[in-house]
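In this chain, numbering begins with 1 at the start of the sequence shown.
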Amino acid sequence: MTENFGDTPEDFDLDSWLEAGSRPRATVKVYRDWSLMAELVKLEEQITAADQEQDPSMDDVSGEELREQYQAVLDKLAESAIEVTLQALTNEEVRDVAAGVPEIEQKYTDQHGKEQVRMKPDQVAVGDALVAEATVSPKLSRSQVTKMRQKLGDGPTLTLYHTATELRSAGKVLPSVPFSPESSDDSRD
């Protein structure tokens, strides 16, 4: 049975209904030491080769030893991770954040072949600002997000940008809920 907060606009108690509300959230991991990924790839290749070796020599490292090395690298990679929780932003928050980012000069060629200059929002700075605004735990500033992106590269921090973007639409599509005759809300008693 669903709670009844009122059936008409005059009776509907929006504040009571919103009291238990929350925005969509997601927690993602960002890894600090991506050089370990190259080690993992190398070890995977060595494990595959070791497993296919018919007559290993005494000097060869066994597949089991390589798997232990692989696990040790995975553990180091896990230790380098930070978990970041983000929450959905409203359209107004996105607009306000984007409005606070300085514009940059963009050169382009118009339809007559003449070079022109126009000002447009710095999309990289907008992305950093939106991620910073969406972070909940740890709360990151725009300069911290920028510093993270510049140090780690765009790839490792891309998960933050994708998550912030996905959360904006997360509440728009409802999951399908199995129909149950007992939970039907078609008739009111």
Side-chain angles (χ1 to χ4, degrees), residues 2-3 5-6 8-38 40 74-177:
T2 57
E3 296 178 67
F5 293 96
T8 65
E10 296 80 25
D11 295 337
F12 182 64
D13 188 353
L14 179 64
D15 292 331
S16 293
W17 183 79
L18 287 173
E19 198 170 289
S22 64
R23 293 184 187 191
R25 286 187 176 193
T27 300
V28 295
K29 288 185 179 183
V30 178
Y31 296 95
R32 177 183 61 226
D33 192 352
W34 279 85
S35 66
L36 296 172
M37 294 303 286
L40 289 174
L74 273 180
D75 293 344
K76 284 173 63 176
L77 184 63
E79 290 170 10
S80 82
I82 183 174
E83 287 192 348
V84 180
T85 301
L86 300 102
Q87 76 175 2
L89 300 176
T90 65
N91 290 335
E92 293 84 3
E93 289 168 330
V94 170
R95 179 196 62 218
D96 293 346
V97 167
V101 173
E103 292 186 333
I104 59 172
E105 195 174 273
Q106 179 191 36
K107 293 181 181 179
Y108 68 99
T109 304
D110 67 16
Q111 70 269 20
H112 304 292
K114 186 176 178 183
E115 191 168 293
Q116 300 287 331
V117 175
R118 66 178 160 211
M119 299 303 289
K120 68 179 273 183
D122 180 347
Q123 294 301 311
V124 174
V126 169
D128 290 352
L130 290 174
V131 166
E133 185 68 23
T135 60
V136 175
S137 174
K139 183 64 182 161
L140 300 172
S141 69
R142 179 175 153 196
S143 64
Q144 288 173 317
V145 172
T146 300
K147 190 173 186 177
M148 184 185 298
R149 180 182 47 75
Q150 290 171 342
K151 175 69 177 178
L152 302 178
D154 292 326
T157 54
L158 199 55
T159 188
L160 295 172
Y161 299 98
H162 283 305
T163 302
T165 301
E166 288 171 2
L167 285 171
R168 288 199 55 223
S169 62
K172 294 180 183 175
V173 179
L174 294 175
S176 62
V177 179

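- Between Y161 and L86 there is no side-chain heavy-atom pair separated by less than 4.5 Å.
- In this structure the side chain of T90 never reaches within 4.5 angstrom of the side chain of R95, judged on heavy atoms.
- Residues D33 and S80 share a closest heavy-atom pair of N-OG, 3.4 Å.
- Side-chain contact check for T135 versus T85: every heavy-atom pair is 4.5 Å or farther apart.
- Side-chain atoms of T27 and V84, non-hydrogen and from C-beta on, never get closer than 4.5 Å to each other.
- With sequence neighbours excluded, the residues forming a side chain to side chain contact (heavy atoms under 4.5 Å, CB included) with K120 are Q106, listed by chain and number.
- Looking only at side-chain heavy atoms (C-beta outward), M37 and L77 come within less than 4.5 Å of each other.
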Practice task
Walk me through it: do V30 and T159 pass the test side-chain contact (heavy atoms from CB on, under 4.5 Å)?
Solution key: CA-CA 7 Å; V30 178; T159 188; 4.0 Å; yes

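- Comment: E93 engages R23 in a salt bridge, judged by a side-chain N to carboxylate O separation of less than 4.0 angstrom.
- Within a 6.0 Å radius of NZ in K76, other residues, nucleotides and ligands contribute 12 heavy atoms or fewer.
- From Q87, atom CD reaches atom CD of E133 across 9.0 Å, with rounding to the nearest 0.5 Å.
- Across all non-hydrogen atoms, the minimal contact from A134 to A164 is CB-CB, 4.3 Å.
- In this structure, A132 and K139 approach most closely via the heavy-atom pair O-NZ, 2.8 Å.
- Listed for the T163 side chain is no donor-acceptor partner under 3.5 Å among the backbone atoms of L160.
- No side-chain heavy atom of K107 sits under 4.5 Å from any side-chain heavy atom of Q116.
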Exercise for the section: Start with the C-alpha distance between D110 and E115, add both sets of side-chain angles, then the distance that settles side-chain contact (heavy atoms from CB on, under 4.5 Å), and finish with yes or no. Expected result: CA-CA 6 Å; D110 67 16; E115 191 168 293; over 6 Å; no

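- The CG atom of L74 lies 9.5 Å from the CG atom of L36; values are rounded to the nearest 0.5 Å.
- Only one option out of K147, Q123, R142, R149 pairs with D128 in a side chain to side chain donor-acceptor pair (under 3.5 Å); it is R149.
- The distance from the NZ atom of K151 to the OG1 atom of T146 is 15.5 Å, given to the nearest 0.5 Å.
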Problem - Check against side-chain contact (heavy atoms from CB on, under 4.5 Å), Y108 and R118 - result: CA-CA 8 Å; Y108 68 99; R118 66 178 160 211; 3.8 Å; yes

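- The two residues L152 and R32 have their closest heavy-atom pair at CD2-O, 3.2 Å.
- For the side chain to side chain contact (heavy atoms under 4.5 Å, CB included) criterion with L89, the lone passing option out of V94, L167, D96 is V94.
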